[in-house]
There are 2 protein chains.
Amino acid sequence: MNIAPRLLQSFLALAHCRNFTEAATRMHMSQSAFSQAIARLESQVGVKLFDRSTRSVSLTPEGKLLVPMATRLERDIALMFQELHDHADRKKGKVAIAAPPGASADWLPRVMANFQRRHPGIQLQLHDTYSDRILELVRNGTVDFALNREIERPEEFDVCKLFDDPHYLVCPQDHPLAKEKSIRVAQLAGENYIHLLRGSNLWQRLYPHLSRVAIRDTGFELNNMSTAAGLIANGMGVTIVAGQSLFNYQRLGLAAVLVSDADLRNSGLYLLKRRGHSLSVAAQGLREMIEADKPVLPATQRPAARRQGRTRAG
Amino acid sequence: MNIAPRLLQSFLALAHCRNFTEAATRMHMSQSAFSQAIARLESQVGVKLFDRSTRSVSLTPEGKLLVPMATRLERDIALMFQELHDHADRKKGKVAIAAPPGASADWLPRVMANFQRRHPGIQLQLHDTYSDRILELVRNGTVDFALNREIERPEEFDVCKLFDDPHYLVCPQDHPLAKEKSIRVAQLAGENYIHLLRGSNLWQRLYPHLSRVAIRDTGFELNNMSTAAGLIANGMGVTIVAGQSLFNYQRLGLAAVLVSDADLRNSGLYLLKRRGHSLSVAAQGLREMIEADKPVLPATQRPAARRQGRTRAG
DNA sequence: CACACTTACGATATTCGTAAGGATT
DNA sequence: AATCCTTACGAATATCGTAAGTGTG
C-alpha cells in the first residue's frame, strides 16, 4: 500500500492526455519508464486502469473510479507540502511570547514591529505580565518563549541572557543621593520607599535588602509606574527600578542613580523556553531578531543616554 | 514532493510512540533504517519534525502541525485502496446491462439472481428494451454490455454469440401446419399473421420474408406476447417468435414449429459491448456467469423441453 | 510502414540492515 | 554501564533510460 504520489500524478496525467508519450513528457520521464510506472501502479492497486490498444488509450471503469480519488489526494498532498514549506519559509505561523511590562513597553514592541514587517504572514501575540505568570505560560506551552528577569530555578528552562539591565534608585533631582555615581541599598536608611506591585519579581528581590535597612514603607502598592513617578516628583519618597523602566520616571525629570549591590547591579533580561522543546521556525526567527536587536546598555552608561538601541529592520 | 505513504506512516508511528525503537518495530523495520527514514522525511518537508535527545522524543511545533494532515492523508489513501480492492474483489460495484424482453423474462433474471447471491455488494441494473435502444445504451456507455439478437453493423461493437435461438411458428394445435417437423415462411401463404411491435428487431427480420408471401396482415400491433397468445389460441391467426419467447405461448397449449428459412433458423442471442472498452471487474463477473449459465437449446430439440437450462449457483 | 505502447537490459538511485559511534542518564 | 538515537557502509531493491520488440491502422 505504498503508492508514490508521483505515480498518482502519472496516472492523472495519462487520464488527462490519453497518450503515453505526451503524458510521459509532462512528467519529465522517458515514455518507456512512464509505461512501466503505469504498469506498476496497476499491479499495486490490483486492477487494470487503462485500456490501451496501440492506437488509443482510455480509462477502464476502475480507472474512472480512481480519477476523483487521486485528484483529491494529489491536491491534499500538495496542500500539506505548501503548508509545511510556508512555515519553513516563515510565510505562515504563529508566535506567542511573554515578557515583563518593562520590556513590553518600548523596546520589544519595536522589535516585534520589525519582525511583522519582514514576515507579514506570521501572527504575533504578546503577553505582558508578571514573572510567575510568565513562567507558567512557558511551562504549559502557551507561549513559544519568554523574556524575564532572573528566576528562581533556571535549570527548569533553557535560559540565556539577553543583556544586562541593572537597577537604579529613582529620586528627585534635589535629593541628597541624586548626585552620587552609585549607591548601595543600605544608604536608603530613613527614606520613604514606594513599592510597586508587592510580590512582583522586583519586590521579591528587594525584600531581603530593604528588610535589613531602616526604611519607611509608604504602604503604597501601585500598578502603574507613572503613578509612582508622580509621587516621587512630589517628594513622597523614592523607589528602585530596572534600567529598562527608567523612561517612566525620566519624563518627569527625576534622577536615576545606579544601585551597586551585587545582585541588583548584575541583573539583566533573559530569554527562556521549555527545555528539550525546540522553537518553531517562526519563533526562532523572532528570537534571532530579538537577540540581534537588543538595546546596548553598558554598565557604566548614565541612564539618560539609554534610548540608543539600534534598529535593524530589513 | 514525492513522499512515500510509508514515510507518513512512520512519522505517525513515531509521533504516537515517541520512541524510535518501538515505532521501528511497529513499522517492521530496523531501528536504524527507521531513523534514516525520519531524517529523510524531515529533509523532504524541509523542517525538523522531532526534538530528540537520546532520552526523549517529542514533536516540534511543525511536527505537531503535520500530525493532523498526515493522519487525514493516510486515512484517505487507505480508503482509496480499500475502494479499488473492493471493486477488484467484486465486493462493490455496479453493473448495468440491457437485453431484449425475451431474454429478460426468465433465463437472464435467474442468472442475475445467482450473481447477486454470490456478490451481494454489487448493484445490478437491467434495461429490457428493443434492439435499437439496446445499441444506443451500449454506445453511450449507459450499460456495461448487452444481450441482443443479430444486429446490422456488428463491427461497431465487440460481439460474441451466446447461443442459438431459432424461430418458431406459433399456431393452435389443430392448425394444419402444427404437426410439421419444420416449415418455411412461404408455407404461410393465406394465413392471418399477428405482428408484435412493428419496427422491432424481429419485425425487421421477418419483413422481407412476409412481403414476398401472400399473407394477411391482421393489423394488430401488440406490446405483450400474452395478448398474441390469447389471439392465436382463439384462432385469430399465427405468429413467429424466437425460441426463448415460446414459453408465453406454451402456457396456452399452442403448437410451435421450427422455421427452417436460413436466417430465422440460424438466429441466436449475442453478447455485445463497446469496442476497445474493457468491462469493469464486476461486469466481467456477470458476463462470465452469463456465458457459463446459458440455456442449452440444440437445434433439433422440441420446444416443450427447452426449460432445462442448468442453474449454477455457488 | 509508421506510429504508439511494451519488454529487455544495463546503469543509477533509493532503501534497508548490520555494525560501530556518540550522547545522556 | 545501560539505553537510545545517529552514522557508516555494503547489499538488496526500485526506478530510469536506451534500444529492441510488437501490434495496429
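Lettering follows sequence order; numbering is per chain, from 1.
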**Request:** Applying side chain to side chain contact (heavy atoms under 4.5 Å, CB included), run through Ile38(A) and Leu49(A) and close with a yes or a no.
**Result:** CA-CA 9 Å; Ile38(A) 296 295; Leu49(A) 297 171; 5.9 Å; no

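- Remark: P of dC16(C) and CD1 of Ile38(B) are 11 Å apart, rounded to the nearest angstrom.
- Listed pair Arg40(A) / dC16(D) meets the phosphate criterion, a side-chain N or O lying under 4.0 Å from OP1 or OP2.
- Side chains of Phe20(A) and Leu14(A) form a contact here, defined as non-hydrogen atoms less than 4.5 Å apart.
- Rounded to whole angstrom, the span from the CG atom of Asp51(A) across to the P atom of dG23(D) amounts to 18 Å.
- No donor-acceptor contact under 3.5 Å links the side chain of Gln31(B) to the base of dG17(C).
- Judged by atom type and distance alone, Arg55(B) reaches the base of dT3(D) through a side-chain donor-acceptor pair under 3.5 Å.
- A sub-4.0 Å separation between OP1 or OP2 of dT6(C) and a side-chain N or O of Ser35(A) is present.
- Atoms CG (Asn2(A)) and P (dT14(C)) sit 16 Å apart, rounded to a whole Å.
- Proximity of Arg149(B) to Gln204(B): side-chain heavy atoms (C-beta onward) are nowhere separated by under 4.5 Å.
- The pair Arg139(A)-Glu136(A) does not meet the salt-bridge criterion, since no charged nitrogen lies less than 4.0 angstrom from a carboxylate oxygen.
- We find that CZ of Phe20(B) is positioned 10 Å from P of dT7(D), with the value rounded to whole Å.
- Counting non-hydrogen atoms under 4.0 angstrom, Thr21(B) reaches the backbone sugars and phosphates but no base.
- Considering only heavy atoms from C-beta on, Ile290(A) comes within 4.5 Å of Leu108(A) through its side chain.
- Rounded to whole Å, the distance from NE2 on His28(B) to P on dT15(C) is 19 Å.
- A donor-acceptor contact under 3.5 Å is formed by the side chain of Ser32(B) with the base of dT7(D).
- For Asn19(B), the side-chain atoms get nearest to dC5(D) when compared with the rest of dC5(C), dC16(C), dC5(D).
- Put simply, CE on Met29(B) is 13 Å from C1' on dT13(D), counting in whole angstrom units.
- Following rounding to the nearest Å, Leu14(A) (CG) and dC5(C) (P) show an atom-to-atom distance of 8 Å.
- One atom, CD of Gln36(B), and another, C1' of dT18(C), lie 11 Å apart when rounded to the nearest Å.
- Note on Arg18(A): nothing from the nucleic acid sits closer than 4.0 angstrom, heavy atoms only.
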